[in-house]
2 protein chains.
Amino acid sequence: MGTTQLETVQEPKYWHLKTVLSEALDSDFAVGEILPNERELAARFGVARATLRQALEQLELEGRLHRRRGVGTTVAPPRVGVAVSTGRHDWTGGEADEAWQSVDCESAPAPAAIAATLNVGGEEPLHIVRRIRLSHGQVVAAELLYVPSSSVPELSGIDAPSGAARARNVVRELHRLGLDGQDRSVELGSARADDAKELDRLPGAPVLVVTTRYLAAGGTAAVSVATYRADTCRLTFGDSGDLEISHSAEERVAS
Amino acid sequence: MGTTQLETVQEPKYWHLKTVLSEALDSDFAVGEILPNERELAARFGVARATLRQALEQLELEGRLHRRRGVGTTVAPPRVGVAVSTGRHDWTGGEADEAWQSVDCESAPAPAAIAATLNVGGEEPLHIVRRIRLSHGQVVAAELLYVPSSSVPELSGIDAPSGAARARNVVRELHRLGLDGQDRSVELGSARADDAKELDRLPGAPVLVVTTRYLAAGGTAAVSVATYRADTCRLTFGDSGDLEISHSAEERVAS
DNA sequence: TAGTGGTCTAGACCACAGT
DNA sequence: CTGTGGTCTAGACCACTAG
């Protein structure tokens with residue numbers, strides 16, 4: 001079986017395939033357009049389905065494709081810019097269209113790594129607030145916000161011990177605290193089952209994990225771990241305006 | 001072939017495998033220790049090698065494993081924190097142990113997306129400086145810095161048209177310009193062949209692409225596209241000190 | 001129900017690192 | 001050379017979506 005014979009066969013098939021597909025996406029397809037199914041594409045390019053899938057996975061990782069079981073593979077729109085740090089110090093991470101939405105709250109001990117950062121005992125229960133972040137009507141991030149009881153002393157014990165209302169109360173009390181600064185880190189991860197569900201992705205989907213330490217009154221007042229969809233999001237950290245660089249050619253929009 | 005019989009087989013095998021392996025890594029292995037080879041691991045867990053590899057890929061994506069062809073699979077050390085934004089405005093992105101190193105420079109037209117951001121014609125050649133970033137003696141990032149000629153007018157025409165010396169000169173001239181601010185974005189990508197080579201990874205390896213727009217004299221003075229190894233790096237954006245949260249349990253070091 | 005992508009298998013051969 | 005991970009094949013079945 002000659003791999004289309006002569007010339008540069010030192011490049012993996014799936015890599016070459018990815019390049020070919022990528023160029024085809026730029027020139028022959030519009031955003032939202034649906035591609036032929038995997039079995040047909042594999043046959044068309046003369047490769048096994050697994051090989052074709054390897055190329056598609058790469059393109060999905062780069063945010064060029066969107067694959068949904070039972071539906072098909074579509075051309076993804078350019079990634080949306082999501083402001084993570086605006087220079088201002090606030091607890092929302094954005095506003096208006098770009099806001100966080102409190103979903104739930106429970107009292108439980110934090111994971112060891114979080115507890116250490118917060119300087120609390122590993123057994124001591126604290127408020128764990130779950131929030132999601134919407135952008136353009138889509139969920140782009142799921143977050144767990146760890147708040148020691150000592151950071152929100154005014155919180156009434158009469159509140160419900162959990163639920164969205166409680167979550168909003170915790171965040172509100174946190175606002176009162178003021179904010180001296182924040183440290184952030186970004187790393188690649190894979191979505192846990194619960195986060196994947198919120199993000200409408202399969203478990204293990206690639207995510208950008210943003211860990212933020214909120215500083216107030218000379219200490220760490222809270223820690224948040226936010227997981228952003230890596231396929232659809234471009235995180236922005238602006239001193240000023242937005243950064244608009246598209247890594248692909250111009251896009252057309254499907255009618 | 002019963003999948004170890006009764007109970008929860010609604011979870012993909014590779015996902016369950018990943019969990020089991022992850023726990024084993026925490027409890028039974030030291031950093032740097034070498035794992036049994038894939039064929040043996042697959043046999044040990046009673047799955048096909050492809051399935052085992054799916055689990056290993058996830059763990060590598062999370063920075064828990066390091067796989068090298070011809071060598072084996074080893075337990076990776078915790079990700080290194082790399083300061084991307086220190087609050088200060090400089091052209092190095094860090095200092096001392098964490099510095100950039102100019103490698104090469106050429107004159108060529110920029111990609112369309114970059115040219116648009118810089119407000120230069122798509123045909124007009126500009127300085128393209130290649131730099132690499134070292135941390136703890138390892139290459140953690142490869143960068144292309146796009147500098148319009150108008151940003152470095154003093155640059156002597158007598159300079160060599162390319163090479164490391166020329167690269168250093170461009171950066172030095174850039175320093176003179178001062179810096180009003182910078183916009184950044186972070187997104188997931190896969191390494192191009194040239195970047196992969198610098199990073200000692202295979203093409204397509206997951207990378208964090210940091211795009212920075214340098215603002216000076218009321219305009220965009222330069223744009224840089226830096227690709228960081230996603231497997232080994234945690235990008236930090238600090239208002240102040242460092243953020244030290246380990247997502248895995250305590251580590252032991254192999255003797 | 002029909003069609004899609006997701007998972008899994010049991011092989012095979014290749015490229016590379018170390019000896 | 002041997003052993004490792006990387007690529008590739010040609011099937012099979014499953015879970016999900018939509019008509």
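Nothing here was measured: the structure is a model prediction, and the numbers come from that model. Lettering of chains follows the sequences in order, A, B, ..., and the numbering in each one begins at 1.
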Taking [atom1] from [X] and [atom2] from [N], how many angstroms apart are they, rounded to a whole number?
X     : N      : atom1 : atom2 : value
B:F45 : C:dT7  : CZ    : C1'   : 18 Å
B:H66 : D:dG5  : NE2   : P     : 13 Å
B:L59 : D:dG5  : CG    : C1'   : 16 Å
B:H16 : C:dC8  : NE2   : C1'   : 16 Å
B:N37 : C:dC16 : CG    : P     : 20 Å
A:E57 : C:dG6  : CD    : P     : 8 Å
B:Y14 : C:dG6  : OH    : P     : 10 Å
A:L41 : C:dG6  : CG    : C1'   : 16 Å

Could you work out, with side-chain hydrogen bond (donor to acceptor under 3.5 Å, both in side chains) as the rule, every residue matching A:Q54, not counting sequence neighbours?
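Not a single residue meets the side-chain hydrogen bond (donor to acceptor under 3.5 Å, both in side chains) criterion with A:Q54.
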Apply side-chain hydrogen bond (donor to acceptor under 3.5 Å, both in side chains) to B:R192 and list each qualifying residue two or more places apart in sequence or on a separate chain.
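For B:R192, the residues satisfying side-chain hydrogen bond (donor to acceptor under 3.5 Å, both in side chains) (neighbours in sequence not counted) are B:D194, B:D195.
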Close side-chain approach of A:T19 and A:L17, heavy atoms under 4.5 Å
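Sidechains of A:L17 and A:T19: no contact.
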With side chains defined as the heavy atoms from C-beta onward, is the minimum distance between A:V47 and A:K13 less than 4.5 Å?
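Yes, at least one pair of side-chain atoms sits under 4.5 Å.
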Heavy-atom closest pair, residues A:R79 and B:L188
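Between these two residues, the closest heavy atoms are NH1-O, 2.8 Å.
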Which atoms form the tightest heavy-atom contact between A:V75 and A:A30, and what is the distance?
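In terms of heavy atoms, the two residues are closest at CB-O, 3.5 Å.
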First encountered from the 5' end of DNA chain D, between B:E60 and A:R39:
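Residue closer to the 5' terminus by nearest nucleotide: B:E60.
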Does anything in residues 197-207 of chain A reach DNA chain D, meaning a heavy atom under 4.0 Å, and if so which residues?
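When residues 197-207 of chain A is checked for heavy atoms under 4.0 Å from DNA chain D, there are no hits whatsoever.
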Let's see if you get this right: which residues in residues 47-54 of chain B place a heavy atom under 4.0 Å from DNA chain D?
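Contacting residues: B:R49, B:R53.
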Sort and list the pairs that fulfil side-chain hydrogen bond (donor to acceptor under 3.5 Å, both in side chains) and have at least one residue in residues 39-52 of chain B, not counting sequence neighbours.
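Found B:E38-B:R49, B:E40-B:R44.
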Sub-3.5 Å pairs of nitrogen or oxygen atoms, protein against nucleotides 16-19 of chain D:
none

Looking at residues at least two apart in the chain, or sitting in another chain, which of them share a side-chain contact (heavy atoms from CB on, under 4.5 Å) with [X]?
X      : answer
B:Q101 : B:I132, B:L134
B:T74  : B:I34, B:H66, B:R68
B:P111 : B:I114, B:Y146
B:T73  : B:L35, B:L65, B:R67

Can A:R53 and A:Y14 be counted as having a side-chain donor-acceptor contact under 3.5 angstrom?
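Per modelled atom types, A:R53 and A:Y14 side chains form no pair under 3.5 Å.
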If you check every side-chain atom of A:R67, which of D:dG6, C:dT7, C:dG5 has the closest atom?
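Looking only at side-chain atoms, A:R67 lies closest to C:dG5.
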Are more than 12 heavy atoms from other residues, nucleotides or ligands located less than 6.0 Å from atom CG of B:D200?
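No - once you tally the heavy atoms of other residues, nucleotides and ligands closer than 6.0 Å, there are 12 at most.
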My understanding is that only residues two or more places apart in sequence, or in another chain, count here; which of them pass salt bridge (charged side-chain N to carboxylate O under 4.0 Å, His left out) with B:E198?
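With sequence neighbours excluded, B:E198 shows a salt bridge (charged side-chain N to carboxylate O under 4.0 Å, His left out) to B:R130, given in chain and number order.
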Please work out the stems of DNA chain D from pairs that are Watson-Crick or G-U wobble with both distances under 3.5 Å, keeping only runs of three or more consecutive pairs.
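Stem list for DNA chain D: C:1-18 with D:1-18.
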